[in-house]
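Each chain gets a letter, A, B and so on, in the order its sequence line appears, and its residues count up from 1.
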Amino acid sequence: MADYSKEEIKKIEEKWQQKWRKDEVYKVSNDTTKPKYYALDMFPYPSGAGLHVGHPLGYIATDIVARFKRVKGFNVLHPMGYDAFGLPAEQYAIEHGVHPAISTAKNIETFRSQLDRIGFCYDWSREVRTCDPNYYKWTQWIFLQLFDSWFNRSLQKAERIEQLVATFEKEGNSSHPFPNAKYQLPSGATEFTATDWKSLDEKTQQEVLMQYRLAYLAYTDVNWCEALGTVLANDEVINGVSYRGGHPVVKRQMRQWSLRITEYAERLLKGLNEVDYSESMKDIQRNWIGRSEGAKIHFNLTPNPSPQERGAISGKGIAQDHVFTTDEKSWSSLKEYARENRKNPTEAEDKLWQALRNKSTGYKFRRQHAIGQFIVDLVCINKKLVIEIDGSIHENQKREDQEREQLLNEDGFRVIRFNNEDVLNNLNEVLAKIKAELTTPSPVERGTGGEVITVFTTRPDTIFGVDFMVLAPEHDLVKKITTSEQQHEVDQYLSYVESRSEIDRMAEVKKITGCFTGAYAINPFNQREVPIWISEYVLAGYGTGAIMGVPCGDDRDHRFAKHFKIPITNIIGEHYNGEEANPTYEAILTNSDFLNGIKMKPAMKVVIDKLVEMGIGERQVNYKMRDAGWSRQRYWGEPFPVVFKDDMPYAMNEKDLPLELPDTNQFKSSGNGEGPLANLQDWINIGPNEKRDSNTMPTHAGAAWYFLRYMDPHNETEFASKEALDYWNQVDVYVGGSEHAVAHLLYARLWTKALHDLGYLNFDEPFKKLINQGKITGDSRFVYRVRGKNQFVSSGLKDQYETDALHVDVNIVEGLELDTEAFKKWKPDFANAEFILEDGKYICGSAIEKMSKSYFNVINPDRIIENYGADTLRMYEMFLGPLEQSKPWNTSGIDGVYKFLRKFWNMMHDSEGNVKLSDTEPTKEELKVLHKTLKKIEQDIDNFSFNTSVSEFMICINELNALKCNKRAVIEPLVVALSPFAPHVAEELWEKLGHSDTVLNATYHKVEEKFLVESSFEYPISINGKVRAKMNMALDMPKEDIQKQVMASEIVQKWTEGKTPKKVIIVPGKIVNVVL
RNA sequence: ACCCGAGUGGUGGAAUUGGUAGACACGCAGGACUUAAAAUCCUGUGGCUAGUAAUAGCUGUACGGGUUCAACUCCCGUCUCGGGUACCA
């Protein structure tokens, strides 16, 4: 009757696809006692080109896992949807006038029909589309949750903004400084008290809160692409041009929405230790987050205008060189006294000390510290603020104090006094006063020549190798410190920097430019004065925007020093050769004062401790990652659910969501950096002083949480119910391309963590396991046209002519041989083509490239299905090699897979095509084959090693064929095992085996080890590590007996030539090695 | 430049914690069936040397060293390819 022929395959596959759909066999319930399993694919962007054979690779793997878990008794969530907002549909609309909603819907239809043909077990009733208002209602809702929260650094989690407001009302922001250290209130302050907070007007309060919100609006440097009329995310810019289209990109300041992902840097980093992603994937994310540990160091500047002009300026009472503490002589005589004092504090002193210690004010205080010739009660060296606590006051004492205060003032210290009663009874007031003093800029910071440069360095150990300082050109201090002599040069340099586009900079990354400011900084450890430069190679956005230049240890600093002829100090002895920097950690330091003779690694701690002690530096962790730009000047995306009043955004009411995208046929940007929505004035202006945002969210928004919506896709009151979220929990396995390794994954992880912090989720990593399937690359073919003629020369002869290589459609090439007739018909231009053949054939050139329409190397899965059926396609894609490996598409092996399926079919059919099964008991040997296979398939699926499981099936069939086995008891479990891989043929065979229910509801046969136990083993006998013989021996044979048998054997005798071997190694069940 | 990953027959690729390198498949060669072809089935297939042959020996997992009774697997160095980052101090 029926053979597994191409006609029959078509019938079978259509039959089951219809039946599956009709019977809704893939519908998954949330209401079950079964254990859950969640298998997820990265949902596709439905492009106009449809699927090529590369797309289904990951989908097939997930489908196998999903089906396998189902026959193993799990309730499996295996959904699919579409990442349907995005730029291509909008570009298409601009070019062809088709509304994105229409072209997107059409593309989805194509995708769906292609997916259906491959036989995936998706529960389509749970489909999501990010462009559907019922979906993006919740994208907007989650955005508002982010807008309504802030990151509490001390708890390392997000909290509601109202909690922050309550804190501000109680104590100001002293315990929660501005996340952006550069932000200042209109007054210039960076801290405020509760009283300050209450005195701020509504708008300023909103601006302050905006500094904390997880979704916030700010003027940020953005990548502006004029040609696309939009801002691009960092990962959408490659080598200074746009990822899509390759248009130039420039930096521009715009008021944009951002997500404060940097606050989560540490958690995003730590979370990687809890998830099962490939190491390379974790590395990519770690690099992107870019954590580096080091120190912040504050350098004092020499007084203006220049050290030369300064001459011999010295303070009174305190030597200028030792402005921070004291001179050595006084220090040694005072320190004992200070130490004694610290042991016996007065009650008031101690109380205030306890309140100020550990930088509770944000600044480091020390007590009983020597300054000049005095010991002061408390001092913040950084802020040059002295606090004195007075007991009962005598006249004498008063006079002394005044003198003392005067001397301290002359050296730049401010002194504030409290009496014991103040401290003991009104500590809060005292603290408020201290804080207020701390936030008032001290005179030295106002440009009198005492500015401070703060640098970030990962190598504090190289502090004695500092030969210069470099500021980013945009650094605030540049204006203040530039001397009049250097002003002109600096101005010129700044305008040069401004004139350079991103692409220029990218192209000339290694070009050395810079300019001296005329100012000098003082190395706090040896009082050396080093010049301060500005240069492009220091980035304003990273660290403090300033570095200390250590040319002997840093390549960039070295090039800079050489270029500008700055003398280089060598602190690493022989490790530095004078020609190039050596960033070693291993050197023993020289020319480094108190660090001499210490290795660099331990020296780091020594330096940081000293910096902290001196109050001129602290340990610091920096991250490369920046906050995520979240505004796009586009139409086809989610509108921001906010209303601007008095230029500040306010969240829309939840019940008014979704804020639907207005219909329009104007998709071009309105200019001025505003999106197309700005054209719709009626929509933008909602009241006399109320406006909407004209931007939309990036594609990442919808993709950042879609895996949650699948759990409860039709919920109209919540993004998903608590029960559904608790039940389905984390995605057990997530499969997709590594191109989403950075952005998508980080945003999805961020949203999950934020929702977790706000109490919506009980997990804070979305994906338990992540697999990145490799790319399937195209195998392109070329023909070689003789220049100026319509003549084509075969690949082997092309060197004899002047030729141009042209891509040719891979579908008209068989192997490497071109079908010349098909070629003539392919394009009208080639109708009269002539060919120069070799050996009567036209041989094409080939290259492995990305699969792309323009290379004519795209293989459509429909074509493979047409020829071999979906089951063969599925198994062949898996058989191609390890899932995670990239590989070129090549159909040459597909016959092997097809033959296997036919053999499987034939196993239970006779030559006439009738079902022929035996109901007799299987033999031991047959059972062994069965259970070995079942075991291996299970293991391989667990390891995502699908290529080896396909091999295992082939081995199994070869072995059963050799045994001429057609027993039901063997075949039935194998059909279930095969069903995840080749579901159509498995269903058909399952039906032929007499079952009326789908094979999806069958149970994977239990592996029984008893059938696999071997009693003997064929030992390889090696002599000096080389296998010379085999011997079958019982597995439970004692080692001595094995040795006896081995030594007695003929071959071993031959090799030992009667001598006693040095050693005989016996590994039971593995090998015997005789060492001569 | 830096950080990962990989390199195994003509090809895609196998090889538990170091324990028979090349499973499985393609391709190729030979054979069976056939008037013939296709399809199917069977046999062989890393390289070299010797032998009519069964077989025996040598060699072999990018290259050069090392550790070990034993290395595709571990360590050091070199080369090539792929991915990521791109002046991140």
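Inspection of the A:Asn958 and A:Lys903 side chains reveals an N or O donor paired with an N or O acceptor under 3.5 Å. In this model, no donor atom of one side chain and acceptor atom of the other lie less than 3.5 Å apart for A:Asn582 and A:Thr584.
For A:Lys1030 against B:U20, a side-chain-to-base donor-acceptor contact under 3.5 Å is present. If you check distances only, the side chain of A:Asn1073 does reach the base of B:C69 with a donor-acceptor pair under 3.5 Å. Between the side chain of A:Lys1070 and the base of B:U17 there is at least one donor-acceptor pair of N/O atoms closer than 3.5 Å.
The partner of B:U49, taking Watson-Crick or G-U wobble pairs whose two distances both stay under 3.5 Å, is B:A56. Base pairing analysis places B:A62 opposite B:U78; the two distances defining the Watson-Crick or G-U wobble pair are each below 3.5 Å.
With B:A89, B:A14, B:U85 as the choices, the nucleotide that has an atom nearest any side-chain atom of A:Leu539 turns out to be B:A89. Taking every side-chain heavy atom of A:Val1075 into account, B:C69 is the closest of B:U40, B:C69, B:U20. Picking from B:G12, B:A21, B:A23 the nucleotide with the shortest atom distance to the side chain of A:Phe879 gives B:G12. With distances taken from any side-chain atom of A:Asn958 to the nucleotides B:A25, B:U40, B:G13, the minimum falls on B:A25.
A cation-pi arrangement is not found for A:Lys1070 relative to A:Tyr1019, the charged atom failing to lie both closer than 6.0 Å to the ring centre and inside a 45° cone about the ring normal.
When the C1' atom is used for both B:C58 and B:G51, the distance is 15 Å, rounded to whole Å. Taking atom C1' in both B:G65 and B:G30, the straight-line distance is 45 Å, to the nearest Å. Comparing the C1' positions of B:U16 and B:G12 gives a spacing of 23 Å, expressed to the nearest Å. Rounded to whole Å, the P atom of B:A54 lies 38 Å from the corresponding atom of B:G18.
Between A:Arg902 and the phosphate of B:U40, there is a side-chain N or O to OP1/OP2 separation shorter than 4.0 Å.
Classification of A:Glu1014 and A:Lys928 as a salt-bridged pair holds, one side-chain N sitting under 4.0 Å from a carboxylate O.
Glycosidic torsion of B:G9 falls within 90° of 0, placing the base in syn.
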